[in-house]
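Data block below; observations after.
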Amino acid sequence: MKIKEVIQFLEQKFPLHWQEDFDNCGIQCGDKERDIKEIVVCFDMSEAVIDEAIAKGANMIISHHPIIYKNSIKRIEPTDRVGKILCKALENKVLLYSMHTNIDSGKYGGNVLFAEKLGLQKLTVLSPHENQFCKLIVFVPTENSVLLKEALFRAGCGNMGNYSHCSFSSEGIGSFKPLVGSNPSIGKHNRIERVEEERIEMIFHKNKKRQIIDTLYQNHPYEEPAFDIIALENLNKEGGLGRVGFLPKPMPAQEFVQYVKEKLKLESVRYSGKVQEEINKVAVCGGGGASFITNAIAAGADAYITGDLKYHDFFIPENKMLLIDIGHFEGEHFIREIIVSLLKENFNIFATHFTEVESPVIVRA
Ligand SMILES: [Zn+2]
């Protein structure tokens, strides 16, 4: 089995188009055409993890954080941390692959697991992805509409949450005059033709645009099909960073802080804010989620748990919301569990190892 087949599987579960704009998920370096041997899963790539992979006979490392961020490096030399890691991986034919904000955002991804560890229920997305959908409006002779719709559904149109085959149709009259040089399937040259047509409307992910336009041309009877593609501002309620949910039962803020420490096995946290009141609705975002404090307030959360907060971030909620900083690693490290179990459950022809050489970079003392 080739490495690229494993990647194809992972990207079906967590597509690369789910990643944030700043990110660089996917292959960092290496040749995906090689046969897969074994896989090591880690949080951050390091020389130690590459040594571990070599010792275990693995030729693929999957990390949460990318080693190369968008536009971050211009040359690879073993003179700095990133260069040393990339050189070592390439010299030893180990492919480096990252699952970062694509797995954070997903339906079964890091933030969902984070929320589940706290027992949160009725989850919604804290910062839903925007500008991901388009609408197709196409006009087709009524007698051809069923076949065209079926082809467009197969190409990825009409999916909304847990619903497929979503469309809207209205009927009307289309008119056109085929000019000399045209090859009309209906009508004659230089005569205005009027045809009973169906106007079909369907939503699709912008990632499928090319495929959908090709399908439309292949399955529409007209030489020049009339269609519009419109970019939508609809939010993607299923994907995006962070989650918001409700505790199984409300609890006083001080008790909640202890509850968080217990559930996430933390020795300490940093917090401020609404410490006197009851906590019911909770927002979470693994990693560094300072930029979503306002989203958590807007969602009506009583508490927001994230990492990497600066001193001044704690002023933003103006004591209207409990703000807890558990650390960056502490809110994300369990993503490794998702990747390891996904691979173990689906592949038995190669071994997947949870790294044994990684510990948090920052030590709490
Ligand atoms: Zn992170």
Side-chain angles (χ1 to χ4, degrees), residues 10-11 13-28 40-50 61-73 81-82 85-86 96-118 125-129 239-244 260 263-266 268-270 282-293 295-296 304-310 313 323-342 354-355 357-364:
L10 291 171
E11 292 178 5
K13 299 280 176 193
F14 298 102
L16 293 185
H17 66 255
W18 285 359
Q19 69 184 306
E20 298 295 310
D21 286 342
F22 65 83
D23 213 355
N24 183 37
C25 300
I27 295 177
Q28 307 291 294
V40 172
V41 177
C42 64
F43 192 63
D44 288 297
M45 285 164 193
S46 65
E47 288 191 87
V49 177
I50 297 176
I61 297 175
I62 303 175
S63 66
H64 179 48
H65 291 138
I67 187 78
I68 305 171
Y69 278 95
K70 223 175 184 176
N71 307 323
S72 66
I73 56 168
R81 190 184 80 88
V82 171
I85 291 169
L86 291 169
L96 303 184
Y97 184 87
S98 157
M99 297 176 74
H100 191 216
T101 50
N102 61 331
I103 197 167
D104 287 337
S105 303
K107 214 171 171 182
Y108 306 104
N111 282 300
V112 171
L113 183 57
F114 186 173
E116 284 174 358
K117 281 185 184 281
L118 294 171
V125 180
L126 177 62
S127 172
H129 283 148
L241 294 177
R243 290 295 183 275
V244 186
V260 171
K263 292 286 176 189
L264 300 175
K265 300 185 175 63
L266 303 171
S268 63
V269 298
R270 299 193 303 147
V282 178
V284 299
C285 182
S291 52
F292 303 124
I293 294 173
N295 295 58
Y304 177 42
I305 311 167
T306 186
D308 283 354
L309 296 181
K310 292 185 189 151
D313 292 330
L323 189 53
I324 306 180
D325 184 340
I326 59 169
H328 190 122
F329 179 85
E330 289 76 4
E332 286 191 320
H333 64 89
F334 34 76
I335 285 168
R336 295 175 298 185
E337 295 166 19
I338 301 177
I339 303 170
V340 171
S341 29
L342 189 63
F354 198 107
T355 178
V357 300
E358 190 167 58
S359 51
V361 179
I362 302 166
V363 176
R364 288 168 187 266

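Indexing begins at 1, ligand by ligand and atom by atom, following the structure's order.
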Quiz item: For the Zn ion (ligand 1), which protein N/O/S atoms are closer than 2.8 Å?
Solution: His65 NE2, His328 NE2, Glu332 OE1
Practice problem: Test Ile305 against every option in Leu118, Asp325, Val269 by the side chain to side chain contact (heavy atoms under 4.5 Å, CB included) rule and name the one that passes. | Solution: Leu118
Practice problem: Please say which of Val284, Ile324, Leu126, Val282 ends up in a side chain to side chain contact (heavy atoms under 4.5 Å, CB included) with Tyr304. | Solution: Leu126
Quiz item: Is it the case that more than 12 heavy atoms not belonging to Phe22 sit under 6.0 Å from its CZ atom?
Solution: yes
Quiz item: Is a side-chain donor-acceptor pair under 3.5 Å present for Glu332 with His65?
Solution: yes
Exercise. Answer yes or no: is there a side-chain heavy-atom contact under 4.5 Å between Phe292 and Leu241?
Key: yes
Self-check item: Qualifying residues under ring pair (Phe, Tyr, Trp, His ring centres under 6.0 Å), relative to Phe334, sequence neighbours excluded
Solution: Phe114
